[in-house]
Engineer: 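Here you go, one structure.
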Amino acid sequence: MSIAKTYSPAETEEKWYSYWLKHNFFRSVPDDREPYTIVIPPPNVTGVLHMGHMLNNTIQDVLIRRARMKGKNACWVPGTDHASIATEAKVVAMLKERGISKKDLSREDFLKYAWEWKEKYGGIILDQLKKLGASCDWERTKFTMDEDMSESVIDYFVHLHKKGWIYRGIRMVNWDPQGKTAVSDEEVIRKEVNQKLYYINYKVSGEDGHLTIATTRPETIMADAAICINPNDERYTHLHGKKVFIPLINREIPVILDEYVTMDFGTGCLKVTPAHDLNDYELGQKHKLPVIDILNDDATLNEKAQILVGEDRFIARKKIAVLLEEAGALEKTEDYTSQIGYSERTNAAIEPKLSMQWFCKMPELAKPALQYVLNGDVKLIPEKFVNTYRHWMENVRDWNISRQLWWGQQIPAYYLPTGEFVVAKTKEEALTEAQKIDASLTINDLTQDEDVLDTWFSSGLWPISVFDGVRNPDNAEINYYYPTNDLVTAPEILFFWVARMIMSGHELRGQKPFSNVYLTGIVRDKLGRKMSKSLGNSPDPLDLIAQYGADGVRVGMLLCSPAGNDLMFDEKYCKQGSGFANKIWNAFKLVKGWEVDESLTSNNQTAIAWFGSRFNQALTEIEHDFAQYRLSEALMDTYKLVWDDFCAWYLEMVKPAYQQGVEKQKIDAETYQATVAFFEDILKALHPFMPFLTEELWHDELFGTRAEMDCCIVAQLPVNGEVNTQLIAEIEVIKQVVEKIRNTRDTNQLSPKEALPLAIKANSAIDYSGYKTIIKQLGNVNDLSLVNDAVNGASSFIAGTDEFFITLNIAIDVDAERERLQKEKEYLSGFLRSVDAKLNNERFMANAKPEIIDNELKKKADAEAKLKIVEDSLRGLAG
RNA sequence: GGGAGUUUAGCUCAGCUGGUUCAGAGCAUCUGCCUUACAAGCAGAGGGUCACUGGUUCGAACCCAGUAACUCCCA
């Protein structure tokens with residue numbers, strides 16, 4: 001196979017992804033290997049791939065591929081969640097476009113449309129993930145409303161109900177008037193909003209005077225049940241026990257006293273509207289006030305409002321301001337900013353609303369779930385999130401699990417004609433239960449609760465239900481794969497999702513659902529703004545892949561992703577990624593271009609031994625990075641291993657020197673074979689990050705003929721190689737020597753092509769005769785000699801504690817040389833002084849650990865040796 | 001209002017148990033090179049009062065206290 005000038009990702013990616021699929025490399029079934037399991041955070045069926053998914057799934061894929069290459073039975077379970085509110089909203093919108101209204105449909109018909117929608121759009125993200133290279137076991141793809149998954153949800157509900165942890169109650173809920181459902185506290189996004197504060201006069205009953213209240217919601221005055229003042233407020237003592245009239249509708253309401261009212265906010269008179277404000281509701285309960293609900297489910301005013309009936313709340317607000325003005329009841333308005341809640345799903349302003357809901361008691365579930373994290377059974381990465389988690393779990397409130405929707409698992413509660421209810425898995429079982437209450441009941445007497453369960457109630461079971469562990473708690477799969485290993489998700493859903501999985505894991509299996517939770521940051525643009533559709537600052541991930549290749553984008557994502565911190569994404573990182581791919585490609589081209597000449601003998605043993613050691617050392621470092629989930633650093637360590645150590649140093653050491661007139665470079669067999677072997681190891685180390693490029697090169701004929709199943713994706717990572725640390729340390733000195741030779745060339749404005757003679761006066765134990773080849777090749781040195789005395793009149797430098805001399809054809813600039821040496825001398829003397837200061841300090845000698853002192857002594861000796869050399873050189877220069 | 005976090009080079013970030021592997025990496029910048037793998041490259045170079053103030057210590061980017069700015073979560 002001939003090789004193209006640059007790497008072109010597109011066809012490669014398509015080719016190898018299908019190959020992997022065809023050969024079932026992503027497939028996992030239980031066997032006797034150690035399992036390594038990740039369940040995907042199921043994306044919404046409504047979504048399309050965004051940068052957050054890219055980051056999240058790149059990380060998961062790196063982890064899963066690495067585990068696979070370490071010989072584990074790697075299983076990555078993909079799937080989607082049904083996102084009840086968001087999906088229902090989409091379906092309602094779709095129907096509206098077709099001229100169909102949801103309220104004209106039966107539940108059954110509506111669900112048919114919803115499933116149709118899900119089939120059409122629900123798999124988009126998963127398909128897009130394939131472009132990224134995600135090696136999920138697609139045969140395991142799950143959806144939270146699959147029959148078995150839903151059954152698991154119902155089982156869990158029944159289970160919790162039996163324990164008495166699920167109950168019904170009237171509560172003030174966050175009502176989404178657009179979705180026409182309650183949403184949980186966590187699904188409300190608070191935003192600062194500029195509003196107006198309306199000052200409204202209420203006439204005092206039986207007197208001429210009035211009092212003034214301040215409110216942001218004048219349209220709710222018709223629902224007022226009282227006016228509340230602080231009993232300590234001296235301005236209003238005359239109002240104690242009085243009644244006032246609500247303007248426009250002239251309903252009489254009492255003035256009540258409660259210290260709850262802040263005297264210095266507004267006027268100190270608070271209108272109490274129990275039906276439409278959480279705090280007012282509680283105040284109303286305390287003072288036994290009536291609850292007057294003037295809003296419909298869609299937040300239009302109902303007939304209880306008496307006026308503006310049928311108007312939307314916001315339109316009513318504008319209109320009532322005018323009416324109040326006309327009636328002379330509007331004192332003034334002021335600009336005012338406050339926090340308003342918006343539905344995460346529909347972006348409608350949340351309306352506090354009283355309604356009957358299902359709740360799940362949290363304290364009993366939260367307590368053990370907190371322990372898993374506190375005692376380290378479940379590790380949060382980074383650790384800082386433990387505090388946040390604890391704070392939540394210790395202040396947890398009961399969870400509203402019902403949603404007034406159709407798309408989702410319908411609550412398995414069945415009402416008797418009397419209004420009593422039973423909870424059971426099926427209607428038949430419910431009947432049996434119901435008949436215990438009234439033996440004469442038949443199945444037609446039972447009506448199932450209309451509401452569905454919160455989506456998190458089902459995704460909270462995800463790591464168990466994907467292995468059918470709720471319905472069949474002792475099946476082979478759940479026993480093998482559960483607890484899973486790593487979970488990769490966003491901190492915003494630590495409580496929503498992660499905590500609930502830990503709760504259900506403990507409750508159902510007495511076990512944690514996963515050992516490590518890697519929390520990624522939010523992907524922001526380079527200005528630090530969260531990427532969002534509305535801002536239009538998010539690149540299309542698929543465009544990025546088309547432009548930079550999947551490998552390039554994967555590298556780009558990881559380069560800028562410190563664990564748990566937000567990442568400032570910039571396309572330039574992807575560019576760096578694709579540049580890296582190209583570098584590897586070109587290194588490959590070089591090696592591939594070599595022709596072996598069997599008659600040549602190798603003199604690259606040192607280089608080969610060095611890179612072998614360096615490679616093993618780097619593997620250990622990378623392993624260490626992964627153990628701490630420092631993926632960004634693991635990648636950077638790999639990057640530098642390949643680019644610097646392999647390409648810039650090793651290949652330059654061994655590559656056949658340019659020979660005039662020789663068209664093909666020849667190389668000895670030993671070096672060739674070693675280099676090819678190194679390259680193969682490098683492909684393995686790179687594979688988790690750059691699966692496509694590595695797989696492509698893996699199959700090149702350079703490596704001989706490969707069996708069909710011999711693929712990089714299942715190659716085993718090299719382990720436990722030897723590291724010759726002395727050799728590595730000595731090569732570091734050799735690199736310095738080479739750099740200084742190049743520097744000498746640079747400062748004397750000599751061409752790199754001009755070969756130079758080098759004399760070495762070794763003061764250290766390094767045997768330079770073994771490094772001659774390398775120095776000659778990299779430094780373009782034509783004559784290398786080992787000497788015992790300083791060479792006069794030559795340009796010199798020091799590396800380590802050894803001296804080096806280059807005799808130049810041109811006269812060296814003595815003054816410049818002296819200045820350079822003088823500077824070095826000053827630095828060394830200063831350094832020596834600081835070391836001596838420590839060593840002469842009694843308290844240092846008394847307090848510092850012995851190894852620290854040893855180190856200082858070594859530094860002293862080292863500096864003294866160097867200083868002596870510099871001083872000698874200076875003397876030589878003078879003489 | 002309560003809680004948490006962040007602040008190190010122009011940018012994005014490392015810096016573990018306080019001590020020469022301590023001020024580092026990648027990118028960007030500057031200079032010189034189209035050198036037979038790669039200009040998406042090669043060879044060099046510059047760049048930081050470790051947010052600020054004080055304290056502890058023989059010794060502080062690191063520990064403690066306070067201040068400032070930014071971010072997130074909860075109310």
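Letters A, B, ... are given to chains in the order of the sequence lines, protein chains preceding strands, and every chain is numbered from 1.
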Engineer: What's the closest nucleotide to the A/Y573 side chain, out of B/rU12, B/rC58, B/rG44?
Structural biologist: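 Nearest to the side chain of A/Y573 among the choices is B/rU12.
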
Engineer: Would the base of B/rA43 count as contacting A/E652 through its side chain, where contact means a donor and an acceptor less than 3.5 Å apart?
Structural biologist: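 Per atom types, no contact qualifies.
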
Engineer: Give the rounded distance in Å between these two atoms: CD of A/Q736 and C1' of B/rA43.
Structural biologist: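 Those two atoms, CD and C1', are 17 Å apart.
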
Engineer: A cation-pi test, strictly: NZ or CZ of A/R500 under 6.0 Å from the centre of the six-membered ring of A/W399 and no more than 45 degrees from its axis. Yes or no?
Structural biologist: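 So A/R500 does make the cation-pi contact.
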
Engineer: Of the candidate nucleotides B/rG5, B/rA43, B/rA37, which contains the atom at the shortest distance from the side chain of A/K384?
Structural biologist: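 Out of B/rG5, B/rA43, B/rA37, the nucleotide with an atom closest to A/K384's side chain is B/rG5.
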
Engineer: Wobble G-U and Watson-Crick pairs count when both distances are under 3.5 Å; given that, what is the 5' to 3' dot-bracket string of RNA chain B, with | for pairing to other strands?
Structural biologist: (((((((..((((.....[....)))).(((((.......))))).....(((((..]....)))))))))))).

Engineer: Is there any protein nitrogen or oxygen under 3.5 Å from a nitrogen or oxygen in nucleotides 45-48 of chain B, and what are the pairs?
Structural biologist:
{"residue": "B/rA45", "atom": "OP1", "partner": "A/N743", "partner atom": "ND2", "Å": "3.2"}

Engineer: Quote, to the nearest angstrom, the P distance that separates B/rA61 from B/rG55.
Structural biologist: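 Comparing P positions in B/rA61 and B/rG55 gives a spacing of 15 Å.
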
Engineer: Of the options B/rU21, B/rU17, B/rG41, whose atoms approach the side-chain atoms of A/K583 most closely?
Structural biologist: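 So the side chain of A/K583 is nearest to B/rG41.
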
Engineer: Measuring only the C1' atom in each nucleotide, how far is B/rA28 from B/rA9? A whole number of Å is fine.
Structural biologist: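 Per the computed distance, 11 Å lies between those C1' atoms.
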
Engineer: What distance, rounded to whole Å, do you find between the two P atoms, one in B/rU17 and one in B/rC64?
Structural biologist: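 Those two atoms are separated by 12 Å.
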
Engineer: Which residue lies toward the 5' end of RNA chain B, A/K655 or A/K740, if each is placed at its nearest nucleotide?
Structural biologist: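 The 5'-side residue here is A/K655.
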
